[in-house]
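Heads up, the thing below is written out as structure tokens.
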Amino acid sequence: MRLTLGQYGLAWLRDLTGRAGAWWLEEFFNLLPARHAAFLRGKGRPTLIAGYMDGQLELRLRNDGASLDQAERVVTERPAAAIDAFLSQRNLDRRDVEIGLRLPEQLLFSRELILPVEARASIDAIAAQDLARRTPFKADDIHSDHEANGGSDGDRLHIRQWITRRQSVECAAAELGLSPADLRCVTFGDQQAGPRIRLSRDANERNVWQAVLPMLCSSAVILAVLLGYLEYSNQQATLDRLAAEIASAGNKAQQVRQTIDQLRARRDALVRLRLQRSEAPGLIDLWAETTRILPQHSWLTELRLVEGSGGREAQVVVSGFSGAAPSLVGIIDGSRLFFDAALTSAVAFDANEGRERFALQAKVRSTADIKGAER
């Protein structure tokens with residue numbers, strides 16, 4: 001379906017007006033007692049849903065406006081009499097209720113439509129045309145209904161459509177002793193909130209807009225006057241509050257400025273620390289170098305890095321066992337990462353290990369010294 005620019009604008013305007021009116025009407029109903037709101041909505045009459053479930057006649061009386069939900073199952077060969085008795089027990093008769101029919105889910109056919117949002121105002125006509133064009137059903141042989149499923153998704157509307165055969169409805173109604181003309185809706189399955197197909201509309205159904213339009217207009221005028229008064233009376237209070245907020249804004253700005261200065265100082269300190277770390281090899285580098293130069297007859301029990309401060313070089317402290325501990329001083333001192341190596345304690349022979357226990361330390365060259373030595 002292609003829409004011209006003018007048709008698109010009219011459809012958008014009708015959609016916007018309809019949604020605004022529906023919102024205003026819903027808010028107006030929320031101000032009224034539930035009983036009065038149900039009457040104005042046209043939901044004052046309860047609905048009697050009749051149908052066979054598990055071989056028993058189930059009668060359920062529901063009224064959305066009064067939150068009424070009563071159910072009863074009976075075994076009878078005279079369903080019409082059972083319906084009248086069910087209503088009579090509640091001081092009702094068939095003229096006081098709307099009658100609905102419950103059918104098995106196997107008699108329901110459902111399909112989905114995806115329409116552009118511009119078609120919101122013409123969903124009924126489009127759904128009927130699409131059903132006649134895309135399905136083998138004939139309008140005289142079926143009952144159908146639809147509803148928007150979940151609203152709009154971006155620029156599309158998701159519509160759910162249900163279809164059932166007229167013959168199935170008529171047979172089920174005859175089985176219950178009801179006339180198809182007396183039925184208002186058909187539901188399916190054993191779920192209370194399942195699919196629902198409306199069969200007919202009350203010829204005397206009230207036009208809600210005409211009934212409440214004067215009240216809506218009056219309430220709009222009253223609300224407009226109240227809003228103007230509140231706006232005028234609150235103007236000075238708003239100005240005073242703004243003046244107080246502006247006065248305190250200077251102090252807050254000063255606090256923010258101090259916080260920013262502190263953050264900058266911490267950032268500079270972090271940058272300096274990172275630069276200092278980049279000027280010397282890391283612990284992993286020192287561990288790898290020590291492992292590389294250590295002879296096979298020696299092993300370590302400790303390797304510790306002591307970072308330098310105040311211009312002093314970092315030092316590495318190692319201890320362990322060796323078959324020739326004094327020779328380790330020269331080996332470590334000859335590494336490209338270490339210099340000025342020296343034993344920190346006397347070499348002692350360990351009888352359990354069969355090796356000499358040693359402890360020594362060496363200074364760590366900076367990255368600049370390493371690069372200069374490599375050149």
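- Separation of atoms CD (E147) and CD1 (I123) is listed at 11.0 Å; rounding is to 0.5 Å.
- One finds no salt bridge joining K138 and D140 here, because no Lys/Arg side-chain nitrogen approaches an Asp/Glu carboxylate oxygen to under 4.0 Å.
- In this structure, the side chains of L178 and I83 come closer than 4.5 Å at one or more pairs of heavy atoms.
- Both the sub-6.0 Å distance and the 45° axial angle are satisfied by R90 relative to the ring of F86.
- By the 4.5 Å heavy-atom criterion applied to side chains, R134 and R111 are counted as neighbours.
- Although no hydrogens or angles enter the test, the distance criterion places a donor-acceptor pair under 3.5 Å between the side chain of E356 and the main chain of A325.
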Going through the distances and angles, do M53 and R102 end up as a side-chain contact (heavy atoms from CB on, under 4.5 Å)?
CA-CA 9 Å; M53 301 294 298; R102 187 185 301 276; 3.6 Å; yes
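- For the pair R257/D261, a side-chain contact is recorded, criterion being any heavy-atom separation below 4.5 Å from C-beta on.
- Hydrophobic cluster membership is shared by F188 and L48, with clusters built from Ile, Leu, Val, Met, Phe, Trp and Tyr side chains linked at under 4.5 angstrom.
- Listed for the D350 side chain is a donor-acceptor partner under 3.5 Å among the backbone atoms of E353.
- You'll find the side chain of R198 stays beyond 4.5 Å of the side chain of R184, heavy atoms only.
- Residues L199 and H143 come closest through the heavy atom pair CD2-CG, 3.4 Å.
- Across every non-hydrogen atom of F358 and F321, the tightest pair is CE2-N, 3.4 Å.
- Between the side chain of S298 and the backbone N or O of L294, no donor-acceptor pair lies under 3.5 Å.
- Contact of the V317 side chain with the T344 side chain is not registered, since no non-hydrogen atoms from C-beta on lie closer than 4.5 Å.
- One distance of note links CD1 of I332 with CG of L343; it measures 9.0 Å at 0.5 Å rounding.
- Looking only at distances, no side-chain donor or acceptor of D124 sits under 3.5 Å from a matching main-chain atom of A127.
- I49 and L101 fall into different hydrophobic clusters, where Ile, Leu, Val, Met, Phe, Trp and Tyr are joined by side-chain heavy atoms under 4.5 Å apart, directly or via other members.
- Heavy-atom neighbours of R94 CZ from other residues, nucleotides or ligands within 6.0 Å: above the threshold of 12.
- Placement of L103 and L176 within a single hydrophobic cluster is found when ILVMFWY residues are connected by side-chain heavy-atom separations under 4.5 Å, directly or transitively.
- In this structure, the separation between CG on L131 and NE2 on H146 is 11.0 Å, given to the nearest 0.5 Å.
- In this structure a side-chain-to-backbone donor-acceptor pair under 3.5 Å is missing from D333 to V329.
- Heavy atoms from other residues, nucleotides or ligands lying under 6.0 Å from CD of E231 number 12 at most.
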Under the side-chain contact (heavy atoms from CB on, under 4.5 Å) rule, what do L300 and S319 come out as? Steps first, then yes or no, please.
CA-CA 6 Å; L300 299 182; S319 60; over 6 Å; no
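- Counting only heavy atoms from C-beta outward, the side chains of W299 and R355 approach each other to under 4.5 Å.
- N251 and Q255 share no donor-acceptor pair across their side chains, judged by distance under 3.5 Å alone.
- Looking only at side-chain heavy atoms (C-beta outward), V97 and L87 come within less than 4.5 Å of each other.
- For the pair T164 (side chain) and L107 (backbone), a donor-acceptor distance under 3.5 Å is present.
- Looking at heavy atoms from C-beta onward, D141 lies out of side-chain contact with R166 at the 4.5 angstrom threshold.
- The minimum heavy-atom distance linking S144 with I163 is given by the pair CB-CG1, 4.1 Å.
- Using a distance-only test at 3.5 Å, with no hydrogens or angles considered, no donor-acceptor pair links the side chain of T135 to the main chain of A132.
- In this structure, CZ in R133 is found 9.5 Å from CD1 in I126, a value given to the nearest 0.5 Å.
- The number of heavy-atom neighbours closer than 6.0 Å to CD of Q56, taken from other residues, nucleotides and ligands shown, is above 12.
- Considering CD1 of I197 and OG1 of T187, their distance stands at 9.5 Å, rounded to 0.5 Å.
- Closest heavy-atom contact between L61 and P46: CD1-CB, 3.9 Å.
- V306 and V364 end up in different hydrophobic clusters when Ile, Leu, Val, Met, Phe, Trp and Tyr side chains are linked at under 4.5 Å.
- A salt bridge links E112 to R160: at least one charged side-chain nitrogen sits closer than 4.0 Å to a carboxylate oxygen.
- A donor-acceptor distance shorter than 3.5 angstrom exists from the side chain of H297 to the backbone of G323, with no hydrogens or angles considered.
- Nearest heavy atom pair, residue L57 against residue Y52, reads N-CD2, 3.8 Å.
- Under the 4.5 Å side-chain heavy-atom criterion for ILVMFWY residues, no single connected hydrophobic cluster contains both L108 and I142.
- For the atom pair CD of Q296 and OG of S322, the computed distance is 11.5 Å after rounding to the nearest 0.5 Å.
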Check the pair V318, Q361 against side-chain contact (heavy atoms from CB on, under 4.5 Å), reporting the backbone distance first and the verdict last.
CA-CA 6 Å; V318 297; Q361 66 180 16; over 6 Å; no
Would you sort out whether R304 and Q315 count as a side-chain contact (heavy atoms from CB on, under 4.5 Å), showing the intermediate values?
CA-CA 8 Å; R304 179 163 47 91; Q315 293 184 343; over 6 Å; no
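- Across P295 and I331, no two heavy atoms sit closer than the pair CG-CD1, 3.5 Å.
- Using a distance-only test at 3.5 Å, with no hydrogens or angles considered, no donor-acceptor pair links the side chain of D145 to the main chain of W162.
- Residues forming a side-chain hydrogen bond (donor to acceptor under 3.5 Å, both in side chains) with E289 (at least two apart in sequence, or on another chain): R292, S335.
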